[in-house]
2 protein chains.
Amino acid sequence: MPAASDDIRNTAPDRISEAEHTVMEALWQRSPLTALEICEEVCSRRDWSLATVKTLLSRLVVKQAVETKPDGRRFLYTPLLEKSDYTGSESRRLVDRLFGGRAAPLFAQLAESEALTENDLAEMEALLRELRK
Amino acid sequence: MPAASDDIRNTAPDRISEAEHTVMEALWQRSPLTALEICEEVCSRRDWSLATVKTLLSRLVVKQAVETKPDGRRFLYTPLLEKSDYTGSESRRLVDRLFGGRAAPLFAQLAESEALTENDLAEMEALLRELRK
DNA sequence: GAATTCAGTTTACAACTGTAATCGTATCAT
DNA sequence: ATGATACGATTACAGTTGTAAACTGAATTC
């Protein structure tokens, strides 16, 4: 293995917080967006001010989860982090942390707390059949 | 609806943090335990000192997730929060936050990120058959 | 009974979060 | 040009979390 100059890319990928995730959701839905447009999407729902969205955006830029393109005097924000990467790693984290990495107990738990709809069951059955092919 | 004196019981149930959860796991496995016994279970794995475990335990007491019984000069700690309550609410939180409350997409996501073992699939099939009965 | 030890309690302190308000400046309108 | 605006950047500040060291008082030991 290479020695020095190997510590490049050693950046532990910086968790995205819940509030930041809300902003990411808006961008995953549609992008690029301005800070104001994002606020229009989320501010009333979360009872946030525009300033809050701006703070979250700058933190997301630092975490390299979004990218900015100047557009006149403002910025257009585009997601760099992909939604499926985020949901994938968060889901796996939970399964690891709470269920020792095994997925079935998670769904057993959801079933037990009545978090599974008829629809969920059907979709999961279909998916399983698909995975079996 | 009743007016004053209604704000009793308004205690939002205080999240358990990840580090605290590690301590809970030890107690769910076997209880009651002393702080030292808990440390024996988790300290080396998490690279913690006994002091850290003690801090986490006192926070868990404040959050009413564990209870203490004096035993001579030390305490025996017993979980009050049940494991399934914790895993249930954490799981539902994740499903709500990331997948709009639907479980099937979570399953799809785990499949896509190759987080499902052959064993998981088999268990899932069994679980779904069970839920169908 | 005095010294030591050991347990919980209190205090510490930096990083991360949630939630903004304020500042500085590049543009837009007049 | 000039003053008002509208941006992003900087600063703020309290609460939570991770990680522990210091303190205090009771129990054990000699």
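Every heavy atom of this structure was used, including side-chain atoms; hydrogens, water molecules and symmetry mates were not. Chain letters run A, B, ... following the sequence lines, proteins first and then strands; every chain starts at 1.
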Legend entry - Residues touching DNA chain C, which here means a heavy atom under 4.0 Å, drawn from residues 75-95 of chain B: B:F75, B:Y77

Inset, instruction - Identify, with sequence neighbours excluded, every residue that meets ring pair (Phe, Tyr, Trp, His ring centres under 6.0 Å) alongside B:F107. - result: A:F107

Side chains of residues 120-128 of chain B: which donor-acceptor pairs under 3.5 Å do they make with residues two or more places apart or in other chains?
residue	atom	partner	partner atom	Å
B:D120	OD1	A:A103	N	2.9
B:D120	OD2	B:T117	N	3.2
B:D120	OD2	B:T117	OG1	3.3
B:E123	OE1	A:R102	NH2	3.1
B:E123	OE2	A:R102	NH2	2.3
B:E125	OE1	A:R132	NH2	3.1
B:E125	OE2	A:R132	NE	2.8

Inset, instruction - Note the angle between the end axes of the helix from C:dG1-D:dC30 to C:dT30-D:dA1, five pairs defining each, rounded to 10 degrees. - result: 10°

Inset, instruction - Round to a whole Å and report the spacing from CG of B:L57 to P of D:dA20. - result: 14 Å

Inset, instruction - Any disulfide (SG to SG under 2.5 Å) involving residues 89-133 of chain B? Give me the pairs, sequence neighbours left out, ordered by first then second residue. - result: none

Inset, instruction - Calculate the interatomic distance between A:R97 atom CZ and D:dT17 atom C1'; express it in whole Å. - result: 13 Å

Legend entry - Annotated protein contacts, base or backbone, on nucleotides 17-30 of chain C with a non-hydrogen cut-off under 4.0 Å, one of B, S, - each: SBBBB------S--

Inset, instruction - Write out all pairs satisfying disulfide (SG to SG under 2.5 Å) with one or both partners inside residues 76-132 of chain B, taking only residues at least two apart or from two chains. - result: none

Inset, instruction - Return each pair, listed once, that meets disulfide (SG to SG under 2.5 Å) where at least one residue sits in residues 75-133 of chain A; pairs must be two or more places apart or across chains. - result: none

Legend entry - Nucleotide C:dT10, atom P - distance to NZ of B:K54 in whole Å: 14 Å

Inset, instruction - For the residue pair B:Q109 and A:T87, confirm or rule out a side-chain donor-acceptor distance under 3.5 Å. - result: yes

Legend entry - Value in whole Å for how far the P atom of C:dA7 lies from CD of B:E37: 11 Å

Inset, instruction - Figure out the CG/P separation between B:D14 and D:dT16, and round it to whole Å. - result: 8 Å

Inset, instruction - Just grab all the salt bridge (Lys or Arg N to Asp or Glu O under 4.0 Å) pairs involving residues 32-54 of chain B, residues at least two apart or on different chains. - result: B:R30-B:E41

Legend entry - Salt bridge present between B:E114 and A:R92 (N-O < 4.0 angstrom): no

Hey, can you pull the donor-acceptor pairs under 3.5 Å for the side chains in residues 66-83 of chain A, sequence neighbours left out?
residue	atom	partner	partner atom	Å
A:K83	NZ	A:E25	OE1	3.2

Inset, instruction - Let me know the distance between CG of A:L36 and P of D:dT5, rounded to the nearest Å. - result: 17 Å

Inset, instruction - Figure out the CG/P separation between B:L60 and D:dT17, and round it to whole Å. - result: 10 Å

Inset, instruction - Using whole Å, report how far CZ of A:R74 lies from P of D:dA9. - result: 15 Å

Legend entry - Residue pairs passing the disulfide (SG to SG under 2.5 Å) test where at least one lies in residues 38-133 of chain A, sequence neighbours excluded: A:C39-A:C43

Legend entry - Qualifying ring pair (Phe, Tyr, Trp, His ring centres under 6.0 Å) pairs with a residue from residues 48-70 of chain A, counting only residues at least two apart or across chains: none

